[in-house]
There are 4 protein chains.
Amino acid sequence: MSHAPFRDAPRTGRPRSAAADRAIVAATRQALAELGWSGLTMAEVATRAKVAKTTLYRRWPGKNELVVDSLAAVFEEHLELPDSGGLAADLAGVVRSFAALLELPEIRTALMAVVAEATRDPALRARIRDAIVDRQKALVLLGRSRAQARGELPPEPDPETAARNADLIFDVIAGTVVHRALVSNEPVDGAWAADFARLLLTGLTGLTGVTGLAPRTATDRR
Amino acid sequence: MSHAPFRDAPRTGRPRSAAADRAIVAATRQALAELGWSGLTMAEVATRAKVAKTTLYRRWPGKNELVVDSLAAVFEEHLELPDSGGLAADLAGVVRSFAALLELPEIRTALMAVVAEATRDPALRARIRDAIVDRQKALVLLGRSRAQARGELPPEPDPETAARNADLIFDVIAGTVVHRALVSNEPVDGAWAADFARLLLTGLTGLTGVTGLAPRTATDRR
Amino acid sequence: MSHAPFRDAPRTGRPRSAAADRAIVAATRQALAELGWSGLTMAEVATRAKVAKTTLYRRWPGKNELVVDSLAAVFEEHLELPDSGGLAADLAGVVRSFAALLELPEIRTALMAVVAEATRDPALRARIRDAIVDRQKALVLLGRSRAQARGELPPEPDPETAARNADLIFDVIAGTVVHRALVSNEPVDGAWAADFARLLLTGLTGLTGVTGLAPRTATDRR
Amino acid sequence: MSHAPFRDAPRTGRPRSAAADRAIVAATRQALAELGWSGLTMAEVATRAKVAKTTLYRRWPGKNELVVDSLAAVFEEHLELPDSGGLAADLAGVVRSFAALLELPEIRTALMAVVAEATRDPALRARIRDAIVDRQKALVLLGRSRAQARGELPPEPDPETAARNADLIFDVIAGTVVHRALVSNEPVDGAWAADFARLLLTGLTGLTGVTGLAPRTATDRR
DNA sequence: CACTAAGCGAGACGGTACGTCAAGTCTTGCA
DNA sequence: TGCAAGACTTGACGTACCGTCTCGCTTAGTG
């Protein structure tokens, strides 16, 4: 956990309970799912975790940080990218992976809220980047390197371009999925993921035609 | 304003002050820019607008709705799409238009916050859609119809596909710009907009190569 | 009540509830009697008075001031000195009057506590003086002036001496009764009051002899 | 110290540090003087005494008892009555001795506070009596027995009367001095002590006249 | 022109959550 | 076992904001 103290100075006194840490994070996720971001209170979390409010504040500066770390735990356990053997399928896999997270009520209700809070709090922004965003970006980078190894994508000419392209692709994938799920409030199902993957691979001009060639079936929907 | 009462029943009594409406919305934007979403209070808005707190609650159900309407006013005055004569340029225009809004502190700090609130409040979600999202989407639709008129994009085979494609493209554009600006917290400058437009038009495979052909200059950045 | 606002400026807005004031003071006395000074909490008072905690803090800066005003109300309704026709009887009357107050559990538990708090808070000290001590002192002054009118005590030669003597006599009477009741924790009954009055009138040397001349009876005790 | 463990059972394990006891009491007095009763915390005492909080609780049941014992230490080192050769002077000596203690900030701020606490705690009341009040009363008794030995006061006819008178005189002296110092918040100087002694010896009627005969000078004040 | 039905500013009100603090207990490791 | 360090539970603290209310006043139309 990012708030863990350095163990350089051999700490004295009673050590912090690791079980409490786990209980608090779990309670936060549960309360978030039930009550939503603005309904979440520190006292409620404390009660559910069977822990005193002071224990919360000893470990996290406030609600924002606690929620970021709790969301991070969800990302940590859910994000993975099985090698599906092809770029298009890997792409759909990333999209599905992101979308699955955004279906969780605790993520739906809290992710954008902490992003909004972070606009006025650089430390929180860094925490979000380290704990959440970078974890997602790693998935995208993994997919690209696999595609390049397979020869589906050309290798980057130089590291700077590589980074710039990676950032762009990541913003496109993550941003689009988030917008679909949270703003447009539409399901991210297999059909949509396929459409999105096709658009990403072939660009706008290829969009309509290909769709026409492979009409969807009802069973295509999740 | 979307909360305006129906004029069917010819209202009696003293009419509401239109000046107050304007002052409140302006005060909300200003306070949002200075204090951020979570620092914004109804009392503060009332004070700045030189209005009583009761006047606020007489017109808006709460903070969420007041902010959505205030944000909507900003979108209304800023969003436009001058015809630049080509799809790529129109695309860049839409991106720049969205990005310009996301540079405003009141939008940065509040847009994602109300989206987050809306996850648990369908009425608020509808309000956001009507007042903000549909206004953005209209821009994207306008760009597509222009491109189709010019022959740069094929006409849609049927209305359902047209709607599905429009939704997808809109989520890609709006989502990507928002993610770049608010989550990645990087500037949406001309160079990035050009990269993004190229990706949208030609797809992933075209990305690296084209970039290599047209190396950027320093003056290209905003 | 000493915190009442001046009515010079014609007050606007909703007026404060006088009933709330009364309920709060009554609740404070009751809670003090049941829970003692250190057991008294603002929340408990608020609950008993069926009033919000904020209402308490809107009217009193804190627990100390609330308690002083509540004690003052008790003093106001209890302190009086019926004219008994003679100095000795008047003296006993004052003693009994003070003692009766000190038998009330809310006074027992709180009077010395606020005095202790006041050692570090001049404003609180002034409040105690105005609301409580001066009320007691007025009784002593009344007794003296009656005695002087009857010729039982000589008139004071000058105002300064008069004030100094009054202060001294007051400290003797009030201090002694308080010490007997709260520190020695012994009852202030009729017999003790008579002993004390005799000591005050005749001094130490007269103490033992007179007691011997007028042996007490069981009915003499309160 | 009244909390000292019995040495009957030959105690095992590491013995308690006597130095810690002294450091704690000293730290309590110092903290009391600086922070006042309500500002005093166990943690602060522990820090100042360079001792763990647990050590405090191992030796005293709580804050009240710790403070009583610390005040008792002050009384123990300060209270004494040099034989001045006459009743009036001895009386003034007792008054001055009490007053000197009440000038100490730790006593001013804490004495009445523990008395107030004691109204709801018989054990604390007993502790105060044994550790503080009886020590003061011994001084008064000593003064009386000297006066009786000198013939300035008549011997008591019987032990019961002796005790009753002693209690009364003690309440008068201690109560008056405390009231002057803490409630009226006026200095207990030589002039006031002389006035008080005169009143005690001759009673109320003698008060005004004698004062008139011996007008004070400025140098008479402390 | 008076009546009347709102609107309006000021501020009290009952609530709820905040983040802090103190009391007193418990846990660890060292002496 | 004593002790230092410090985590822990409990619960009060005082503040801030919420959304509602009460009051005295103003401002249109309507009768």
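Chain A is the first sequence line, chain B the second, and so forth, proteins listed ahead of strands; every chain is numbered from 1.
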Inset, instruction - If a protein heavy atom is under 4.0 Å from the base, mark B; if only from the sugar-phosphate, S; if neither, -; do that for nucleotides 6-11 of chain F going 5' to 3'. - result: BBBBBB
Inset, instruction - Describe the nucleic acid contact of D:Leu40 in one word from base, sugar-phosphate, nothing, applying a heavy-atom distance below 4.0 Å. - result: sugar-phosphate
Inset, instruction - Starting from C1' on F:dC17, measure out to CG on B:Leu35 and report it in whole angstrom. - result: 14 Å
Legend entry - Any donor-acceptor pair under 3.5 Å from A:Thr109 side chain to A:Pro105 backbone: no
Inset, instruction - Figure out the CD1/P separation between B:Ile24 and E:dG7, and round it to whole Å. - result: 13 Å
Inset, instruction - Nearest whole angstrom, please: distance from the P of F:dG14 to the CD of C:Glu65. - result: 10 Å
Inset, instruction - Would you kindly give the CG-to-C1' distance between D:Asn64 and E:dG24, to the nearest whole Å? - result: 13 Å
Inset, instruction - Would you check if the side chain of D:Lys50 reaches a backbone N or O of D:Ala23 as a donor-acceptor pair within less than 3.5 Å? - result: no
Inset, instruction - Give the rounded distance in Å between these two atoms: CE of D:Met42 and P of E:dC21. - result: 19 Å
Legend entry - Passing candidate, side chain to side chain contact (heavy atoms under 4.5 Å, CB included) with A:Val45, options A:Leu32, A:Leu35, A:Leu56: A:Leu56
Legend entry - C:Lys63 side-chain N/O to C:Leu40 backbone N/O, donor-acceptor pair under 3.5 Å: yes
Inset, instruction - Please answer whether the main-chain N or O of C:Glu34 pairs with a side-chain N or O of D:Arg120 as donor and acceptor at a distance below 3.5 Å. - result: yes
Inset, instruction - Please report, rounded to the nearest Å, how far the P atom of E:dG19 is from the CH2 atom of A:Trp60. - result: 15 Å
Inset, instruction - Could you check how far CG of C:Leu66 sits from P of F:dG14, rounded to whole Å? - result: 11 Å
Inset, instruction - Hey, which sits more toward the 5' end of DNA chain F by its nearest nucleotide, D:Ala49 or C:Glu44? - result: D:Ala49
Inset, instruction - State plainly whether the residues C:Asp21 and C:Arg16 are in salt-bridge range, i.e. N to O under 4.0 Å. - result: no
Inset, instruction - Give the rounded distance in Å between these two atoms: OH of B:Tyr57 and C1' of E:dG11. - result: 15 Å
